There are 2 protein chains.
Amino acid sequence: MRPEDALPPILDLDRLVHEPARLTILTVLAAAEEVEFLYLQRVTGLNKGNLSSHAQKLEAGGYLETVKAFRGRIPATSFRITAAGRSALQAYRERMRAFFGA
Amino acid sequence: MRPEDALPPILDLDRLVHEPARLTILTVLAAAEEVEFLYLQRVTGLNKGNLSSHAQKLEAGGYLETVKAFRGRIPATSFRITAAGRSALQAYRERMRAFFGA
DNA sequence: CAATCAAGTTTGCATTGCAAACTGGTTGGA
DNA sequence: TCCAACCAGTTTGCAATGCAAACTTGATTG
């Protein structure tokens, strides 16, 4: 291998997706229309604090949107994945698959 | 879903492997007997500093071993993956594959 | 109406990864 | 011979991250 052959980074992953907690969140959201905070918390095994902050990061990155509503008089937060989120997840999957060689 | 149904974490990944730089390093090492520092640097696209520190972490975790030698009078460092490293990588791959559903 | 619970959010901290600076030795040139 | 440039790698400094615990706001219960 000659120096000129220096390769571009082999594994260039979207860090926003790469974090396991967020990867899990996105994967769950990708499978459903809209998901409630508490349901998501149980499925992911995250505590409220971390779910809240990871969701905020995903929202800041445009990968999900937060829907604030009330169930009765109690506030209930739900999430939806955005188109950008869906394709980021898709791209992430494909890079991983490619890296591991089909 | 009732509270008692709280699931164990869905995606429990070995953080030592999960970091893209280290995942790349391990994957390269898994494919060869022994790999020299500079070669590894070019293939991974990491700078020396980061390759050095990631390799140290992998070594601390028992996933690779460092072989110090000389080529002529110039020091040359090489790495080998250990059995533990190989199986950690394998386990990581399988978890990912399982998570993404075959 | 005090205490408890529900639903999230914010805070504090220890850990990380990254790039830049540094070290110890070697080679080439004047 | 002396010193500047270079090679091979390590250490350092810092900003960003993830995690758990503490906090907030409001609703319900005894």
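Each chain gets a letter, A, B and so on, in the order its sequence line appears, and its residues count up from 1. The basis for the numbers below is simple: all heavy atoms, side chains too, and nothing from hydrogens, waters or symmetry mates. Given the structure is predicted, the values throughout are model-derived calculations rather than measurements.
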Taking only N and O in the side chain of [X], is any of them less than 4.0 Å away from OP1 or OP2 of [N]?
X	N	result
B/Q56	D/dT11	yes
A/S52	C/dT9	yes
B/T77	D/dG9	yes

(request) Would you mind reporting whether B/I74 and B/F70 have side-chain heavy atoms less than 4.5 Å apart? (result)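 A side-chain contact is absent here, since even the closest heavy-atom pair is not under 4.5 Å.
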(request) Classify the ring geometry between A/F100 and B/Y92 as parallel (under 30°), tilted (30 to 60°) or perpendicular (over 60°). (result)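 Perpendicular, since the angle between the ring planes exceeds 60°.
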(message) Consider side-chain contact (heavy atoms from CB on, under 4.5 Å). Of A/L23, A/L26, A/L58, which one does A/L16 pass it with?
(response)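 Testing each of A/L23, A/L26, A/L58 against A/L16, the sole residue satisfying side-chain contact (heavy atoms from CB on, under 4.5 Å) is A/L58.
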Rounded distance (Å) that lies between atom [atom2] of [N] and atom [atom1] of [X]:
X	N	atom1	atom2	answer
A/Q41	C/dG8	CD	C1'	10 Å
A/L40	C/dA7	CG	C1'	14 Å
B/L16	C/dG17	CG	C1'	13 Å
B/E59	D/dG9	CD	P	13 Å
B/E36	D/dC7	CD	P	16 Å
A/L58	C/dT9	CG	C1'	16 Å
A/D12	C/dC18	CG	P	11 Å
B/L51	D/dA8	CG	P	13 Å

(request) Could you tell me whether A/R42 and A/E36 make a salt bridge, using a distance below 4.0 angstrom between a side-chain N and a carboxylate O? (result)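 Salt bridge absent between A/R42 and A/E36.
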(request) Go through the steps to decide whether B/I25 and B/F79 satisfy the test side chain to side chain contact (heavy atoms under 4.5 Å, CB included), and finish with yes or no. (result) CA-CA 10 Å; B/I25 290 170; B/F79 303 107; over 6 Å; no
(request) Identify whether any heavy atom of B/L38 sits under 4.0 Å from a base atom; if not, whether one sits that close to sugar-phosphate; answer base, sugar-phosphate or nothing. (result)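 The residue B/L38 makes sugar-phosphate contact but no base contact.
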(request) Indicate for each nucleotide in nucleotides 18-30 of chain D, in 5' to 3' sequence, whether protein heavy atoms under 4.0 Å reach the base (B), only the sugar-phosphate (S), or nothing (-). (result) SBBB-----SS--
(message) Determine whether a donor-acceptor pair (N or O, by modelled atom type, separation under 3.5 Å) exists between the side chain of A/H54 and the backbone of A/G49.
(response)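 Not confirmed, A/H54 side chain does not pair with A/G49 backbone.
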(request) Could I get the full list of side-chain hydrogen bond (donor to acceptor under 3.5 Å, both in side chains) partners for B/R86, not counting sequence neighbours? (result)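 By the side-chain hydrogen bond (donor to acceptor under 3.5 Å, both in side chains) rule, B/R86 matches no residue at all.
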